[in-house]
Participant: 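Before we start, here is the structure in question, set down as structure tokens.
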Amino acid sequence: DVKVTQSSRYLVKRTGEKVFLECVQDMDHENMFWYRQDPGLGLRLIYFSYDVKMKEKGDIPEGYSVSREKKERFSLILESASTNQTSMYLCASRTTGTLAKNIQYFGAGTRLSVL
Amino acid sequence: DQQVKQNSPSLSVQEGRISILNCDYTNSMFDYFLWYKKYPAEGPTFLISISSIKDKNEDGRFTVFLNKSAKHLSLHIVPSQPGDSAVYFCAASADNDMRFGAGTRLTVKP
């Protein structure tokens, strides 16, 4: 089974803090993604990475950055947390194999509260 | 700009009856469609998918129907079980672009 692990289930941070959200996958997947989930808005893509050291902006990258130094790990960084970044953050990974390339596997999520 | 829309935020069904969850999309370039299921405190898990070359895909109690001319897909669950209570997201993809709907919360009552 594919396992995507997010380091924290719940986080509470203060406005202006630098926040790191970590994600690790164990299936040697090439692609990894960060989403945020908000009521009524579904999952919105923040950043994604096709491979190590590669990153691409998603639909809502403002206020975020990412790091992918190793294939299995994809980190989301909030440089200076703000209250509007309070949300559920979901990490996902995906293989590039033809048959399964559309299926993303998700972690359990990190619920971040910024006070 | 929501390219994938799930207009019903919630749905309540009696155990044993059919659940029908609907999804509409606007981008005609989407060629692969998926349904994900999400329980509280867990990440979404893949449920069933359909390619644009088909109009139906069945997997046990779950069937997805695709109407390309209407840009509409639906998920049928028959018979519904209390364990099916969850939030269901539909997703549509084209190449490397995947878009998710806002989700529908299904409650199956015993």
Side-chain angles (χ1 to χ4, degrees), chain A residues 1-10 21 23-25 27 29-51 54-60 87-111, chain B residues 1-10 21-27 29-54 57 59 62 64 66 73 75 86-105:
Chain A
D1 276 352
V2 176
K3 190 152 183 171
V4 180
T5 303
Q6 295 184 228
S7 55
S8 303
R9 297 299 302 272
Y10 300 94
L21 303 182
C23 176
V24 176
Q25 50 96 2
M27 282 303 293
H29 284 174
E30 293 83 3
N31 303 163
M32 295 188 75
F33 307 81
W34 274 107
Y35 293 89
R36 62 180 281 177
Q37 180 196 354
D38 299 289
L41 297 176
L43 278 65
R44 293 182 294 165
L45 182 63
I46 305 171
Y47 266 96
F48 61 102
S49 169
Y50 286 130
D51 211 330
M54 296 177 68
K55 58 185 178 184
E56 299 284 341
K57 292 180 180 179
D59 296 323
I60 50 165
S87 186
M88 169 70 83
Y89 289 88
L90 290 162
C91 173
S93 72
R94 179 182 75 180
T95 184
T96 54
T98 305
L99 291 179
K101 70 179 178 69
N102 287 293
I103 299 173
Q104 296 185 19
Y105 297 87
F106 286 85
T110 297
R111 184 165 292 284
Chain B
D1 170 18
Q2 284 196 295
Q3 298 185 41
V4 178
K5 293 183 181 179
Q6 294 176 255
N7 292 319
S8 297
S10 63
L21 295 93
N22 294 302
C23 179
D24 297 294
Y25 62 95
T26 57
N27 188 344
M29 298 300 292
F30 290 140
D31 60 0
Y32 201 82
F33 305 88
L34 308 91
W35 285 94
Y36 283 82
K37 176 177 175 180
K38 185 181 185 301
Y39 291 119
E42 295 182 13
T45 55
F46 169 71
L47 184 60
I48 192 170
S49 63
I50 188 167
S51 164
S52 60
I53 63 173
K54 294 187 176 183
N57 187 26
D59 183 3
F62 302 91
V64 56
L66 175 63
L73 66 154
L75 175 67
V87 177
Y88 290 79
F89 291 97
C90 78
S93 76
D95 295 323
N96 287 313
D97 185 22
M98 181 174 288
R99 304 284 169 162
F100 288 84
T104 296
R105 181 177 302 279

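Owing to the predicted nature of the structure, the values given are computational and were not obtained by experimental measurement. Chain letters run A, B, ... following the sequence lines, proteins first and then strands; every chain starts at 1. In what follows, every heavy atom counts, from backbone to side chain, and hydrogens, waters and symmetry copies are set aside.
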Participant: Given a strict heavy-atom distance threshold of 4.5 Å, which part of A:Gln6 is in contact with chain B: side chain, backbone, both, or neither?
Facilitator: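 No part of A:Gln6 comes within 4.5 Å of chain B.
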
Participant: If only atom types and distance count, is the side chain of B:Tyr36 paired as donor or acceptor with the main-chain N or O of A:Gln104 below 3.5 Å?
Facilitator: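 Yes, because the side chain of B:Tyr36 sits within donor-acceptor range (under 3.5 Å) of the backbone of A:Gln104.
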
Participant: What part of B:Ser49 is in contact with chain A, defined as an atom under 4.5 angstrom from a non-hydrogen atom: side chain, backbone, both or neither?
Facilitator: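 Answer is neither: B:Ser49 stays 4.5 Å or more from chain A.
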
Participant: Check each atom of A:Leu90 against the heavy atoms of chain B and say whether the ones under 4.5 Å are side chain, backbone, both or neither.
Facilitator: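 When you check distances to chain B, only side chain atoms of A:Leu90 fall under 4.5 Å.
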
Participant: Between B:Gly103, B:Ala41, B:Ser93, B:Gly101, which residue shows the highest count of heavy-atom pairs closer than 4.5 Å to chain A?
Facilitator: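 Between B:Gly103, B:Ala41, B:Ser93, B:Gly101, the count favours B:Ala41.
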
Participant: Can you tell me how far the CE atom of A:Met88 sits from the NZ atom of B:Lys38, to the nearest 0.5 Å?
Facilitator: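 If I round to the nearest 0.5 Å, the distance is 5.0 Å.
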
Participant: So, taking the atom named CE in B:Met98 and the one named OH in A:Tyr35, what distance separates them when rounded to the nearest 0.5 Å?
Facilitator: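 So the CE of B:Met98 and the OH of A:Tyr35 are separated by 6.0 Å.
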
Participant: Between A:Leu43 and B:Phe89, is there a side-chain heavy-atom distance shorter than 4.5 Å?
Facilitator: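 Sidechains of A:Leu43 and B:Phe89: in contact.
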
Participant: Measuring from A:Asp59:CG to B:Asp97:CG, what's the distance to the nearest 0.5 Å?
Facilitator: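 Here the rounded value is 7.0 Å.
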
Participant: Does any backbone or side-chain atom of A:Arg9 lie under 4.5 Å from a heavy atom of chain B? Answer side chain, backbone, both or neither.
Facilitator: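 Side chain only.
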
Participant: Quick check: are there more than 12 heavy atoms from other residues, nucleotides or ligands sitting under 6.0 Å from CZ of A:Arg44?
Facilitator: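 Counting other residues, nucleotides and ligands, CZ of A:Arg44 exceeds 12 neighbours.
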
Participant: Pick one of side chain, backbone, both or neither for B:Pro44, based on which atoms fall under 4.5 Å of a heavy atom in chain A.
Facilitator: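 Both backbone and side chain.
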
Participant: Using non-hydrogen atoms only, which part of A:Tyr50 is less than 4.5 Å away from chain B: side chain, backbone, both, or neither?
Facilitator: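 Answer is side chain: those atoms of A:Tyr50 sit under 4.5 Å from chain B.
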
Participant: With only heavy atoms counted, which part of A:Asp38 is less than 4.5 Å from chain B, the side chain, the backbone, both or neither?
Facilitator: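 For A:Asp38, no heavy atom lies under 4.5 Å from chain B.
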
